[in-house]
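Convention: sequence-line order gives letters A, B, ...; per-chain numbering from 1. Values below: every heavy atom of this structure, side chains too, minus hydrogens, waters and symmetry copies. Nothing here was measured: the structure is a model prediction, and the numbers come from that model.
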2 protein chains.
Amino acid sequence: MATIDAPTRDRILTIASEVFYQKGLSGARMQEIADQAGINKALLHYYFKSKEQLFDTVFQRALGEFLGGIGRVLNGEVPLRAKIEQYVAYTTTALAETPALAAFIVHELQQHPERLSEQFGSGQVIDFEQFRKQLAAAGPQFQTPNAAEHFFANMVALCVYPVLAAPLLAPLMHQAGPQYRRFLRERATQITQLLLGQL
Amino acid sequence: MATIDAPTRDRILTIASEVFYQKGLSGARMQEIADQAGINKALLHYYFKSKEQLFDTVFQRALGEFLGGIGRVLNGEVPLRAKIEQYVAYTTTALAETPALAAFIVHELQQHPERLSEQFGSGQVIDFEQFRKQLAAAGPQFQTPNAAEHFFANMVALCVYPVLAAPLLAPLMHQAGPQYRRFLRERATQITQLLLGQL
DNA sequence: CTTCGCCTTAACCAACTGGTTAAATAATGG
DNA sequence: CCATTATTTAACCAGTTGGTTAAGGCGAAG
């Protein structure tokens with residue numbers, strides 16, 4: 001889990017991310033982070049003066065990881081169909097590596113929505129207007145007012161939700177851990193087909 | 001907000017739900033629940049002997065509300081198309097009333113997945129096999145091993161995620177509160193069309 | 001009137017938690 | 001060898017938090 005050779009500060013951030021992802025800001029304990037990082041509280045505060053500051057750093061990174069990847073794909077000068085394929089492929093594989101990331105962001109943003117605009121103030125992460133134009137060019141059914149919004153929401157929902165709600169969905173469908181992970185891998189092609197089939 | 005006339009215990013549960021939904025188990029404070037319910041800590045512990053017990057009651061109710069409604073719709077002796085329409089209509093309107101419910105369940109289940117099976121042990125909430133049969137009868141494209149699972153996951157994801165991730169999605173699509181709520185209302189028909197179009 | 005269930009007041013406690021401090025010890029590089 | 005940085009130890013502190021206790025008020029029903 002913890003990369004032995006990594007400089008202490010990075011290792012702290014890695015471990016802190018794991019703890020914060022799973023337990024949230026209020027549920028995480030500085031002592032636990034220190035323990036799992038193999039250091040003591042004093043050194044933890046030597047690198048991060050407060051829990052708040054440590055959390056902010058972790059949250060900023062998490063948001064960057066989650067939105068940055070999406071932006072890089074969606075803002076590219078790429079035809080629509082390829083863009084969708086790229087988004088689905090990227091998101092599903094990225095989320096498979098850190099399944100708790102999405103739930104963490106959702107939970108913390110629910111309590112403090114302002115944290116989003118604090119970091120991504122006016123610098124919009126994704127160029128929605130470009131996306132809207134590309135979609136509108138794909139057919140008349142995408143020229144109604146909210147068509148682009150619905151398509152985007154569908155795309156994100158289909159990719160993210162099954163990872164986010166795994167502890168709920170898997171038991172409902174009587175799928176144990178490994179079985180469910182295979183199911184998640186299959187979804188990439190399923191989702192792509194469904195979305196491209198709409199164009 | 002708080003129904004004045006309701007018996008104290010019910011009012012406590014209502015208020016406690018609001019607080020737990022938004023802040024989670026570890027973020028909620030007994031003092032805050034007491035304050036918002038207009039009572040004092042002593043009386044709060046008079047009705048619920050511990051935070052754990054209060055939380056368990058709230059969580060059990062939340063899970064029942066979230067899954068019970070789904071089950072009632074999906075297990076009914078109803079043709080597939082009608083069932084889908086019912087599910088989408090029910091879920092979207094139910095979630096619109098308590099937007100924080102889904103995020104709460106996801107967050108708490110992430111930390112303690114066993115809480116799900118504790119209450120819904122072997123009594124499966126939804127009859128997945130019936131659903132699978134109905135789908136298989138709808139066409140050959142639904143006779144592959146995981147077809148029912150994918151369709152079900154799609155349906156749930158499309159309905160739940162935009163509510164769950166509202167603090168993330170709304171700003172990304174530059175939609176303020178009221179605008180986004182209108183968007184959510186529109187989705188019911190959008191989702192139904194998309195799902196039925198697949199049959 | 002009195003009993004009983006609901007409710008308040010207010011003080012109190014122990015455990016937990018974030019954070020600090022000081023002194024000592026390694027490790028590192030110039 | 002020296003100065004700086006990284007790290008440990010261990011004690012300590014103050015604020016928060018869940019939970020308790022005892023005494024009493026109050027309305028309603030018998």
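A salt bridge links A:Glu129 to A:Arg132: at least one charged side-chain nitrogen sits closer than 4.0 Å to a carboxylate oxygen.
For A:Thr8 and D:dA6, the shortest distance from a side-chain N or O to OP1 or OP2 is not below 4.0 Å. Neither OP1 nor OP2 of D:dT7 sits under 4.0 Å from any side-chain N or O of A:Tyr46. Within the 4.0 Å cut-off from OP1 or OP2 of C:dC6, not a single side-chain nitrogen or oxygen of B:Tyr47 is found. OP1 or OP2 of D:dG18 lies within a sub-4.0 Å distance of a side-chain N or O belonging to B:Arg29.
One interatomic measurement links the two molecules: CD of A:Gln31 to P of C:dT17, which rounds to 9 Å at whole-angstrom precision. Between the CZ atom of A:Phe55 and the C1' atom of C:dT17 there is a distance of 17 Å, rounded to whole Å. Distance, B:His45 NE2 to C:dC6 P: 18 Å, rounded to whole Å. One interatomic measurement links the two molecules: CD1 of B:Ile33 to C1' of D:dT17, which rounds to 12 Å at whole-angstrom precision. Across the protein-nucleic acid pair, A:Gln53 atom CD and C:dG18 atom C1' stand 14 Å apart, rounded to whole Å. Distance B:Asn40 CG to C:dT9 C1': 8 Å, rounded to the nearest Å. Taking atom CG of A:Leu44 as the reference point, atom P of C:dG19 lies 9 Å away to the nearest angstrom. Atom CG in B:Leu25 sits about 14 Å away from atom P in D:dT17, given to the nearest Å.
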(request) Could you please spell out the steps behind the ring pair (Phe, Tyr, Trp, His ring centres under 6.0 Å) verdict for B:Tyr180 and B:Phe183? (result) CA-CA 5 Å; B:Tyr180 191 74; B:Phe183 163 75; 5.4 Å; yes
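If you find the closest nucleotide of DNA chain C to B:Ile39 and to A:Lys41, the one lying nearer the 5' end belongs to B:Ile39.
Using a 4.0 Å heavy-atom criterion, one finds that A:Ala28 contacts the sugar-phosphate atoms exclusively.
Out of D:dA10, D:dG19, C:dT8, the shortest distance to the side chain of A:Ala42 is found at D:dA10.
Between B:Phe152 and B:Phe128, the distance separating the two ring centers is shorter than 6.0 angstrom.
When all heavy atoms of B:Pro171 and B:Ala166 are compared, the closest pair comes out as CD-O, 3.7 Å.
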Please report, to 0.1 Å, the donor-acceptor pairs under 3.5 Å made by any side chain of residues 100-110 of chain A, with sequence neighbours excluded.
from, atom 1, to, atom 2, distance (Å)
A:His107, ND1, B:His107, NE2, 3.3
A:His107, NE2, A:Gln111, NE2, 3.1
A:His107, NE2, B:His107, ND1, 3.3
A:Glu108, OE2, A:Leu25, N, 2.9

